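Notes for the one structure printed next.
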Amino acid sequence: MLRVLFSLIALAFVPALAADDQAAARKPKRFAIIFNMGYAGDRLPKDPAAFERMVVGVKAAHFNTILCRYEPWRAAICKKHGMQIFVDLLAGDHHVYKNVEGAKKLCTSLRGNGVVYGYHLWSDNIGNTYPGRSRDVKNVHSWDPTHAAYVGTYRMSRVNRVVGMDLLGYYDFHWSRGGHWGNVAKASGVTKAKGASFLRYCDPSPGLIGKGNPNRCGYTIATSIPFGLKGYLFHYRGGVIDLKTGKLDALGKDMQMVNAKFAAIGDELMAIGNPVAVWSAKVTKTAKDRPTGVAAAVPGGLPVIPAENWVQVKAGEVLLGHFKDGKGRDVLALASHNAYQPQAVRLEFKGVPKGVELFDRKKRQWVKSRVAGNAVEFSVEEYATELVRVMR
């Protein structure tokens, strides 16, 4: 009896995990490039050897996370290959609201599990379902405070009403349906207000596969990063990889080209959080590399760079996001407004900066840039994001 009493007294003095600490623990450390074969089910291989062939194949295409039903044997294979599992809580006997006890049992068992990226709770219109989605997020947080809860939606309908989500995911398929700038700006605003992060659920084939498709896919991602994008996945329509052989098909090779550009900067993107501001230079050509037919102007209602701002774009039709890193340094993320053409960029600063560095994607390291007076010049590749660090 005394032993039990002493144990209870000791537990009373163990500090609880504060709400802020819980939120910090739930922020993924990985820029997630997520492979999936749909959700709310399980189309992935059930045979371990076949699953491992798939993992090896998609890793070669620079995916680093897999959306699927959690199984211990799958986790062991993913850990072996440095992959994480995005746990689908809309699948099987651990459905987040159809089998609450099953979901609770699973999530509780996965606390602190390093193979787990987070929990997928929803990927559809929010509409009037936001009370249910808020309930699901609250439940998952209580079962496992160490991993992020993701709620995905079509466009931005009522997603701001979901309480507590760590990751907002959305899709708009803007190449065919429009809405890109409005939706990405709202996603950025919602996640900043909530102290969360956002991901995109992208169209894998908005262009001709094997031709202009990588440009269009990559443009969507590249122009979302200045707004704070922290990962993405592609809507599954079939293809990408042959599950029998583990070989990439034509669409998979497109994804490989796209993913390579963002895998290289992923760690840096996770280190800079959400943007302080997003601005745009004026453009004379559309994203499809066609003349706008009007005088040079900022597209889509995007914010113009203020005249008194500390940095100005003197050349290059680019979008740029302004971030602060952990040491308070300014980091700019730039993307071309043209999906098919690189941009020769010239930035001018108010006053001479103490130093400017560009991130070399091939070397995966920061490299000092030559500063001429108060200006620096460099190239922004098509369907890529270039990072610039400025010491003022």
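Treat the numbers as computed from the prediction; the structure is a model and nothing was measured. Scope of the values below: all heavy atoms of this structure, side chains included, with no hydrogens, waters or symmetry mates.
- With hydrogens and angles ignored, the 3.5 Å screen pairs a side-chain donor or acceptor of K46 with a backbone N or O of D42.
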What do the steps show when you test R216 against Y383 for side-chain contact (heavy atoms from CB on, under 4.5 Å), and what is the final call?
CA-CA 7 Å; R216 292 194 177 200; Y383 76 94; over 6 Å; no
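- Here the side chains of L110 and V87 are in contact, with some heavy-atom distance below 4.5 Å.
- Residues I126 and V162 are in side-chain contact: their nearest non-hydrogen atoms beyond the backbone lie under 4.5 Å apart.
- Side chain of R53 to backbone of T245: no donor-acceptor contact under 3.5 angstrom is found.
- For the residue pair N274 and A196, the shortest heavy atom distance occurs at ND2-O, 3.0 Å.
- Y236 and N36 make their closest contact through CD1-O, 3.4 Å (heavy atoms, listed as atom of the first residue, atom of the second, distance).
- Summarising the geometry, atom SG belonging to C202 is positioned 8.5 Å from atom CG belonging to D172; distances are rounded to the nearest 0.5 Å.
- Clustering ILVMFWY residues whenever any of their side-chain heavy atoms sit less than 4.5 angstrom apart, transitively, puts I272 in a cluster other than the one holding V318.
- Of all heavy-atom pairs between A287 and Y340, the closest is O-CD1, 3.6 Å.
- The existence of a salt bridge linking D330 and K324 is confirmed by a sub-4.0 Å separation between a basic side-chain nitrogen and an acidic carboxylate oxygen.
- In this structure, F349 and V390 have side chains that are in contact, with non-hydrogen atoms separated by less than 4.5 Å.
- Here the CD-SG distance, from E52 to C78, works out to 9.5 Å after rounding to the nearest 0.5 Å.
- Checking Q341 against D289 by side-chain atom types alone, a donor-acceptor pair falls below 3.5 Å.
- Using a 4.5 Å heavy-atom cutoff, the side chains of K288 and Y219 are not in contact.
- A side-chain donor-acceptor contact under 3.5 Å links Y39 to the backbone of S123.
- Checking H337 against Q343 by side-chain atom types alone, no donor-acceptor pair falls below 3.5 Å.
- The hydrophobic clustering, which links ILVMFWY residues whose side-chain heavy atoms are closer than 4.5 Å, places L199 and F173 together.
- One hydrophobic cluster holds both L167 and M156 under the rule that ILVMFWY side chains link at heavy-atom gaps under 4.5 Å.
- Annotation: side chain of V56 is in contact with side chain of H81 (closest heavy-atom distance under 4.5 Å).
- Under the 3.5 Å distance criterion, the side-chain polar atoms of W122 are matched with a main-chain donor or acceptor of N125.
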Side chains of residues 305-315: which donor-acceptor pairs under 3.5 Å do they make with residues two or more places apart or in other chains?
residue, atom, partner, partner atom, Å
N309, ND2, V311, O, 3.0
Q312, NE2, P306, O, 2.7
Q312, NE2, A307, O, 3.4

Could you please spell out the steps behind the side-chain contact (heavy atoms from CB on, under 4.5 Å) verdict for V278 and L319?
CA-CA 8 Å; V278 181; L319 176 76; 3.9 Å; yes
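- Within the 3.5 Å criterion, the main-chain N or O of N139 finds a donor-acceptor partner in the side chain of S142.
- Ring geometry for Y171 against Y154 counts as tilted: the plane angle lies between 30° and 60°, on a 0 to 90° scale.
- Two residues are said to be in side-chain contact when any heavy atoms from C-beta on lie closer than 4.5 Å; L168 and V159 meet this criterion.
- Using a cut-off of 4.0 Å between Lys/Arg side-chain N and Asp/Glu carboxylate O, K368 and E357 are scored as not salt-bridged.
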Can R111 and T146 be said to form a side-chain hydrogen bond (donor to acceptor under 3.5 Å, both in side chains), step by step?
CA-CA 6 Å; R111 290 184 179 186; T146 67; over 6 Å; no
Could you tabulate the donor-acceptor pairs under 3.5 Å formed by side-chain atoms of residues 251-265, not counting sequence neighbours?
residue, atom, partner, partner atom, Å
D254, OD1, G210, N, 3.3
D254, OD2, G210, N, 3.0
D254, OD2, N213, ND2, 3.1
Q256, NE2, A60, O, 2.8
N259, OD1, Y232, OH, 2.7
N259, ND2, A61, O, 2.9
N259, ND2, M255, O, 3.2
K261, NZ, E381, OE1, 3.1
K261, NZ, E382, O, 2.9

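- Side-chain contact annotation: N128 with R158, donor-acceptor N/O pair under 3.5 Å present.
- Closest approach of A222 and A384 over heavy atoms only: CB-O, 3.5 Å.
- Under a 3.5 Å cut-off, the side chain of N64 and the backbone N or O of M83 do not form any donor-acceptor pair.
- For the 3.5 Å distance criterion, the side chains of N99 and D93 fail to qualify, holding no donor opposite an acceptor.
- Y201 and I33 fall within a single hydrophobic cluster, where Ile, Leu, Val, Met, Phe, Trp and Tyr side chains are chained together by heavy-atom contacts under 4.5 Å.
- Side-chain atoms of H141 and D166 include a donor-acceptor pair closer than 3.5 Å.
- A side-chain hydrogen bond (donor to acceptor under 3.5 Å, both in side chains) with D88 holds for exactly one of H94, H95, H120; it is H120.
- Atoms CE and OH, from M165 and Y150 in turn, are 10.5 Å apart once rounded to the nearest 0.5 Å.
- For Y170 and R200, the side-chain atoms include at least one donor-acceptor pair closer than 3.5 Å.
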Determine, stepwise, if the pair E317 / K282 fulfils side-chain contact (heavy atoms from CB on, under 4.5 Å).
CA-CA 6 Å; E317 299 188 359; K282 295 179 179 180; over 6 Å; no
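- With hydrogens and angles disregarded, a donor-acceptor distance shorter than 3.5 Å links the side chain of H147 to the backbone of N113.
- Defined by atom type and a distance below 3.5 Å, a donor-acceptor pair is missing between the side-chain atoms of T220 and H180.
- Side-chain atoms of W279 do not come within 3.5 Å of backbone N or O of A281 as any donor-acceptor pair.
- Atom CZ of residue R69 and atom CG of residue L106 lie 8.5 Å apart, to the nearest 0.5 angstrom.
- Across every non-hydrogen atom of A333 and I225, the tightest pair is CB-CG2, 4.3 Å.
- Side-chain contact check for H235 versus P204: some heavy-atom pair is nearer than 4.5 Å.
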Apply side-chain contact (heavy atoms from CB on, under 4.5 Å) to the pair V388 and F378, showing each step before the final yes or no.
CA-CA 10 Å; V388 181; F378 55 94; 3.6 Å; yes
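- In this structure, G373 and V371 approach most closely via the heavy-atom pair O-CG1, 3.4 Å.
- Under the 3.5 Å distance criterion, the side-chain polar atoms of T284 are left unmatched by any main-chain donor or acceptor of T292.
- The existence of a salt bridge linking D267 and R30 is excluded, since no basic side-chain nitrogen approaches an acidic carboxylate oxygen closer than 4.0 Å.
- Atom-to-atom distance recorded for D249:CG and I209:CD1 is 7.5 Å, nearest 0.5 angstrom.
- Remark: the Y130 side chain and the N160 side chain contain no N/O donor-acceptor pair separated by less than 3.5 Å.
- Side-chain atoms of S205 do not come within 3.5 Å of backbone N or O of G207 as any donor-acceptor pair.
- For the pair C68/R74, a side-chain contact is recorded, criterion being any heavy-atom separation below 4.5 Å from C-beta on.
- Interatomic distance, CZ of R389 versus CZ of F359, reported as 9.0 Å (0.5 Å rounding).
- In the hydrophobic clustering of this structure, W73 groups with L67; members are Ile, Leu, Val, Met, Phe, Trp, Tyr whose side-chain heavy atoms approach within less than 4.5 Å, directly or through other members.
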